Amino acid sequence: MTGFTDILYEASGGVARITINRPDKYNAFRGQTCEELITAFNRAGWDKSVGVIVLTGAGDKAFCTGGDQSAHDGGYDGRGLVGLPVEDLQTVIRDMPKPVIARVNGYAIGGGNVLVTCCDLAIASETAQFGQVGPRVGSVDPGFGTALLARTVGEKKAREIWYLCRRYKAQEALEMGLVNRVVPAAELDAEVARWCDEILALSPTAIAIAKRSFNADSESIRGISALGMQTLALFYETAESKEGVNAFMEKRKPRFRDTGE
Ligand code: 2NE
């Protein structure tokens, strides 16, 4: 499919592959990236020749590092409550009636970590790293980023991830249930292809019903997300939040407690 600037799209052999193509930004997404991803997911999701969707990032450094901090001045650059239709992107991944596999080739940080959480399955390279940075950069993904993460890795672990903002190696992500499999980087594509082939041999309708039933059980989180993003838009206007963005861009430690918020 042509017409994209921030992503790559290809579909063949029953598999649609969607690649965030901003390696110089560690595959961080801006408003445009989210819009293109939503378009690509809708295309793949309703293409009857496609049985599995693979989401990944270009290069070997990053899967996705969340919102592009260089496009974020308290509001990012597009539509949606915070200038990124990120809640729509998370929703479309869940709404596609076929499995979405995260092929995690590097950092899955911030909103990138949330995308892994929203994908049905995740296969990671040994070099991948996972984590949240929101409270370090004056942000938070309140909804699928918190509540669905808690369902995935457990309440205590999810709270640790958000409250301490540590980085976790691929093996740790496997142990906490955030990913399904970890393989050496050189074997990542072959492993993803094996999982796709196994899925493609099965009944697509049975899988679609299974996916919708898993989603139905956690659907209330969509409402938490809408409420949370509305709140986040207000938080982005504060000195405390702006201090986080500025500190990241200036490569220094944030001084949140000096902002008087
Ligand atoms: C990804 C990570 C952990 C990598 O750390 P390190 O030490 O290996 O590299 P460095 O130097 O921090 O980053 C390498 C280059 O990538 C850029 C950096 O600015 C740097 O650029 P140069 O100095 O080489 O020019 N880079 C990395 N991530 C970026 C980003 N997200 N936006 C723009 N440039 C980015 C480390 O870089 C890190 O922790 N990144 C911060 C990630 C971050 O703040 N993400 C946004 C969180 S908020 C969010 O995602 C969100 C949401 O979930 C829901 C709604 C709205 C926003």
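Note that this is a predicted model, so its numbers are computed, not measured. Atoms within a ligand are numbered from 1 in the order they appear, just like the ligands themselves.
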With heavy-atom distances below 4.5 Å as the criterion, would you say the side chains of [X] and [Y] are in contact?
{"X": "Leu37", "Y": "Leu55", "value": "yes"}
{"X": "Thr39", "Y": "Tyr9", "value": "no"}
{"X": "Cys118", "Y": "Val116", "value": "no"}
{"X": "Phe235", "Y": "Ser139", "value": "no"}

Taking only heavy atoms of [X] into account, list the atoms of ligand 1 that are under 4.0 Å away from them.
{"X": "Val137", "value": "44 (O)"}
{"X": "Gly111", "value": "49 (C), 50 (O), 53 (O)"}
{"X": "Val133", "value": "39 (O), 42 (C), 43 (C), 44 (O), 45 (N), 47 (C)"}
{"X": "Asp141", "value": "52 (C), 53 (O), 54 (C)"}
{"X": "Gly66", "value": "50 (O)"}
{"X": "Asp68", "value": "32 (N), 33 (C)"}
{"X": "Ala28", "value": "30 (C), 31 (N), 32 (N)"}

Name the closest protein heavy atom to [atom], giving the residue it belongs to and the distance to 0.1 Å.
{"atom": "atom 12 (O) of ligand 1", "value": "Phe248 CE1, 4.4 Å"}
{"atom": "atom 7 (O) of ligand 1", "value": "Arg167 NH2, 3.9 Å"}
{"atom": "atom 48 (S) of ligand 1", "value": "Ser139 OG, 3.6 Å"}
{"atom": "atom 28 (N) of ligand 1", "value": "Thr65 OG1, 3.3 Å"}
{"atom": "atom 56 (C) of ligand 1", "value": "Tyr236 OH, 3.3 Å"}
{"atom": "atom 44 (O) of ligand 1", "value": "Gln69 NE2, 2.9 Å"}

Does [atom] have any protein heavy atom closer than 4.0 Å?
{"atom": "atom 31 (N) of ligand 1", "answer": "yes"}
{"atom": "atom 10 (P) of ligand 1", "answer": "no"}
{"atom": "atom 24 (O) of ligand 1", "answer": "no"}

Polar contacts were defined as any N/O atom of the residue lying under 3.5 Å from an N/O atom of the ligand; does this apply to [X] and ligand 1?
{"X": "Tyr107", "value": "yes"}
{"X": "Gly67", "value": "yes"}
{"X": "Tyr26", "value": "no"}

- Of the options Tyr236, Phe248, Phe29, which is the one that meets His72 in a ring-ring contact (aromatic ring centres under 6.0 Å, His included)?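 Result for ring-ring contact (aromatic ring centres under 6.0 Å, His included) with His72: Tyr236.
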- Which one holds for Val86 and ligand 1: side chain close, backbone close, both close, or neither close, with close meaning a heavy atom under 4.0 Å?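 Answer for Val86: side chain.
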Tell me whether the count of non-hydrogen atoms from other residues, nucleotides or ligands lying under 6.0 Å of [atom1] in [X] goes above 12.
{"X": "Lys242", "atom1": "NZ", "answer": "yes"}
{"X": "Arg252", "atom1": "CZ", "answer": "yes"}
{"X": "Lys211", "atom1": "NZ", "answer": "yes"}

Less than 4.0 Å is my threshold; does some heavy atom of [X] fall inside it relative to ligand 1?
{"X": "Lys251", "result": "yes"}
{"X": "Phe144", "result": "no"}
{"X": "Met249", "result": "no"}

- Message: Minimum heavy-atom separation for Val82 and Met229, please, with both atom names.
- Response: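 Smallest interatomic distance, heavy atoms only, reads CG1-O, 3.9 Å.
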- Task: Taking all non-hydrogen atoms of both residues into account, name the closest pair between Pro254 and Arg136 and its distance.
- Result: CG-O, 3.6 Å
- Please determine which of Thr56, Asp60, Thr127 meets the side chain to side chain donor-acceptor pair (under 3.5 Å) test together with Asn105. Thr56
- Item | Parallel, tilted or perpendicular: ring planes of Tyr26 versus Tyr107, cut at 30 and 60 degrees | parallel
- Decide, yes or no, whether a salt bridge links Lys156 with Glu160 under the criterion of side-chain N to carboxylate O below 4.0 Å.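 So Lys156 does not pair with Glu160 through a salt bridge.
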